[in-house]
J.: 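I have a structure I would like to understand better, so I am pasting it below and will then ask my questions one at a time.
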Amino acid sequence: MQPYYIKSLSQQLRREATREENHLWYDFLRKYPVQFRRQVPFDRYILDFYCSQARLAVELDGLQHCTSDGLKYDDLRTEYLGQGYGICVIRFSNEEIWQDFEHVCEVIDQEVRLRRSIKVPVKGVTMKTVTIYTDGACSGNPGPGGWGAILMYGDHQKELSGGEAQTTNNRMELTGVITALEALKEPCIVELYSDSKYVIDGLGKGWAKGWRARGWIKSDKKPALNPDLWGRLLDLCEKHTVNLHWVKGHAENQYNNRCDQLAVAESQKYK
């Protein structure tokens with residue numbers, strides 16, 4: 001399946017959700033303190049419910065899954081997601097949702113707590129921990145802008161930078177983070193450092209997730225800015241385990257200062 005078809009199918013499945021899916025979502029998962037999402041496209045599959053922080057998928061199985069072909073397909077799907085991406089899949093029947101809902105919720109909660117307390121293996125090895133510093137700059141806001149990023153893993157270090165002729169500071173801050181995460185070739189644990197409260201609070205306080213859930217509308221009913229970039233960033237945060245760190249800009253952090261130099265240099269190319 002092509003990615004655009006997967007996304008379209010996930011939207012259709014959300015609209016056609018079963019009573020059991022809606023019961024689990026509205027009466028437990030939507031209110032759960034660690035975020036779950038519904039009908040999440042992941043590679044060739046669509047997961048009923050997915051928690052990126054625990055790399056946990058919750059699947060509800062109807063009668064079609066009880067056949068020999070259905071069971072075989074479920075096993076292959078679980079093996080593919082587990083061995084390839086470190087995703088744990090737990091399954092419940094529709095009958096369990098109605099007959100023992102409290103137990104279903106307890107199992108999910110226990111699994112999330114367990115999975116968040118350990119490093120999740122991906123492709124048979126421990127996930128790599130990568131440190132990323134990013135910064136953005138803009139002259140005029142809007143005006144010529146640039147971004148810079150430094151990626152560090154072990155003894156390896158890589159610098160990235162870019163810019164645009166007409167942009168804003170916040171767009172450059174977001175673009176720096178997005179480009180750095182997109183440069184990672186596999187799911188990683190990321191220690192992300194930025195002096196942008198817009199980025200750190202937007203992710204850490206759940207603002208961006210709320211905007212997306214409301215169709216990119218803020219709590220004050222005004223449109224959220226930069227939904228194109230926030231959407232890309234939220235998707236990347238579901239692929240990687242991102243730990244957020246705010247640093248004071250233009251201070252004594254050598255990596256933050258270097259990112260600032262890269263960003264300013266890029267912005268000056270458009271003057």
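In what follows, residues are counted from 1 in the order of the sequence shown.
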J.: Treating Ile, Leu, Val, Met, Phe, Trp and Tyr as nodes and any side-chain heavy-atom pair under 4.5 angstrom as an edge, say whether Leu234 and Ile189 lie in one connected cluster.
T.: no
J.: Which residues pass the ring pair (Phe, Tyr, Trp, His ring centres under 6.0 Å) test with His240, sequence neighbours left out?
T.: none
J.: List in chain and number order the residues that pass ring pair (Phe, Tyr, Trp, His ring centres under 6.0 Å) with His103, two or more places apart in sequence or in another chain; answer none if no residue qualifies.
T.: none
J.: Name every donor-acceptor pair, under 3.5 Å, that has one atom in a side chain of residues 130-137 and the other anywhere in the protein, sequence neighbours excluded.
T.:
none

J.: Hey, are the side chains of Asp48 and Val58 touching, using non-hydrogen atoms and a 4.5 Å cut-off?
T.: no
J.: Are the side chains of Leu24 and Phe92 in contact, using a 4.5 Å heavy-atom criterion?
T.: no
J.: Just do the salt bridge (charged side-chain N to carboxylate O under 4.0 Å, His left out) check on Arg113 and Glu106 with the steps written out, would you?
T.: CA-CA 11 Å; Arg113 292 175 185 273; Glu106 288 177 354; over 6 Å; no
J.: Please check if Val40 and Leu181 belong to a single hydrophobic cluster, counting links between Ile, Leu, Val, Met, Phe, Trp and Tyr side chain heavy atoms closer than 4.5 Å.
T.: no
J.: Is atom CD of Gln166 surrounded by more than 12 heavy atoms (other residues, nucleotides or ligands) closer than 6.0 Å?
T.: yes
J.: Where do Thr175 and Leu229 come nearest, in terms of heavy atoms and distance?
T.: OG1-CD1, 3.8 Å
J.: Nearest heavy-atom pair of Thr167 and Arg171: which atoms, and what distance?
T.: OG1-CB, 3.5 Å
J.: Run the side chain to side chain contact (heavy atoms under 4.5 Å, CB included) test on Phe101 and Glu96 for me, step by step, so that the C-alpha distance in whole Å, both residues' side-chain angles and the decisive distance to 0.1 Å come before the verdict.
T.: CA-CA 7 Å; Phe101 186 70; Glu96 286 178 285; over 6 Å; no
J.: As an exercise, state the distance from CH2 of Trp25 to CD of Gln39, rounded to the nearest 0.5 Å.
T.: 10.5 Å
J.: Same cluster or not: are Val190 and Trp147 linked, directly or through other Ile, Leu, Val, Met, Phe, Trp or Tyr residues, by side-chain heavy atoms under 4.5 angstrom apart?
T.: yes
J.: Could you give me the CA-CA distance, side-chain angles and deciding distance for Leu225 and Asn170, then say whether side chain to side chain contact (heavy atoms under 4.5 Å, CB included) is met?
T.: CA-CA 9 Å; Leu225 300 179; Asn170 283 340; 6.0 Å; no
J.: Scan the side chains in residues 246-256 for donor-acceptor partners under 3.5 Å anywhere in the protein, sequence neighbours excluded, and list what turns up.
T.:
from	atom 1	to	atom 2	distance (Å)
Trp246	NE1	Asp195	O	3.1
Asn253	OD1	Tyr255	N	3.0
Asn253	OD1	Asn256	N	3.0
Asn256	ND2	Asp195	OD2	3.4

J.: Between Glu191 and Thr129, does the side chain to side chain contact (heavy atoms under 4.5 Å, CB included) criterion hold? Intermediate values first, please.
T.: CA-CA 7 Å; Glu191 301 298 332; Thr129 298; 4.2 Å; yes
J.: Taking side chain as C-beta onward, heavy atoms only, is Leu56 less than 4.5 Å from Ile87?
T.: no
J.: Which heavy-atom pair separates Gly163 from Met172 by the least distance, and what is that distance?
T.: CA-SD, 4.4 Å
J.: Are any non-hydrogen side-chain atoms of Val177 and Leu174 less than 4.5 angstrom apart?
T.: no
J.: Taking the basic N atoms (NZ, or NE/NH1/NH2) and the acidic carboxylate oxygens, is any pair closer than 4.0 Å for Glu111 and Arg91?
T.: no
J.: Can a donor-acceptor pair be found, under 3.5 Å and without considering hydrogens, that links the side chain of Glu266 to the backbone of Ala263?
T.: no
J.: For Tyr270, give me all partners under ring pair (Phe, Tyr, Trp, His ring centres under 6.0 Å), at least two apart in sequence or on another chain.
T.: none
J.: Check whether any side-chain heavy atom of Trp230 lies under 4.5 Å from a side-chain heavy atom of Arg212, and answer yes or no.
T.: no
J.: Same cluster for Met152 and Ile178 if Ile/Leu/Val/Met/Phe/Trp/Tyr side chains link at under 4.5 Å?
T.: no
J.: Please name the pair of heavy atoms, one in Cys51 and one in Val34, separated by the smallest distance, quoted to 0.1 Å.
T.: SG-CG1, 3.4 Å
J.: I'd like to check Glu21 versus Phe49 (side-chain heavy atoms, cut-off strictly below 4.5 Å). Are they in contact?
T.: yes
J.: To the nearest 0.5 angstrom, please state how far the CG atom of Leu262 sits from the CG atom of Leu160.
T.: 9.0 Å
J.: List the atom of Ile150, the atom of Gln157, and the distance in Å for their closest heavy-atom pair.
T.: CG2-CG, 3.7 Å
J.: Do Asn226 and Glu173 come within less than 4.5 Å of each other through their side chains, counting heavy atoms only?
T.: no
J.: What distance separates His23 NE2 from Thr18 OG1, expressed to the nearest 0.5 Å?
T.: 11.0 Å
J.: Does a sphere of radius 6.0 Å around CG in Asp155 hold more than 12 heavy atoms from other residues, nucleotides or ligands, not counting ones at 6.0 Å or beyond?
T.: no
J.: Aromatic rings Tyr32 and Phe28: how do their planes relate, parallel, tilted or perpendicular, breaks at 30° and 60°?
T.: tilted
J.: What is the distance from atom CG of Leu236 to atom OG1 of Thr179, rounded to the nearest 0.5 Å?
T.: 9.5 Å
J.: Stepwise, does the side chain to side chain contact (heavy atoms under 4.5 Å, CB included) test hold for Arg232 with Asp235?
T.: CA-CA 5 Å; Arg232 288 169 60 189; Asp235 287 344; 5.8 Å; no
J.: So, the side chain of Glu79 versus the backbone of Leu76: is there a donor-acceptor pair under 3.5 Å, distance only?
T.: no
J.: Going by heavy atoms in the side chains, are His245 and Leu192 under 4.5 Å from each other?
T.: no
J.: Does a side chain donor of either Trp98 or Glu20 reach within less than 3.5 Å of an acceptor in the other side chain?
T.: yes
J.: Give the cluster check for Ile200 versus Leu151: same hydrophobic cluster or not, with ILVMFWY residues linked at side-chain heavy-atom distances below 4.5 Å.
T.: yes
J.: State the CD1-CG distance between Ile97 and Leu60, to the nearest 0.5 angstrom.
T.: 5.0 Å
J.: Looking at every heavy atom in both Ser267 and Gly146, which two are closest together, and how far apart are they?
T.: CB-N, 3.7 Å
J.: Taking side-chain hydrogen bond (donor to acceptor under 3.5 Å, both in side chains) as the cut-off, I'd like each qualifying pair that reaches into residues 199-211, sequence neighbours left out, listed once.
T.: Gln35-Lys209
J.: Relative to the ring of Tyr80, is the ring of Tyr45 parallel (under 30°), tilted (30 to 60°) or perpendicular (over 60°)?
T.: perpendicular
J.: Could you measure the distance from the CG atom of Asn243 to the CG atom of Leu203? Nearest 0.5 Å is fine.
T.: 11.5 Å
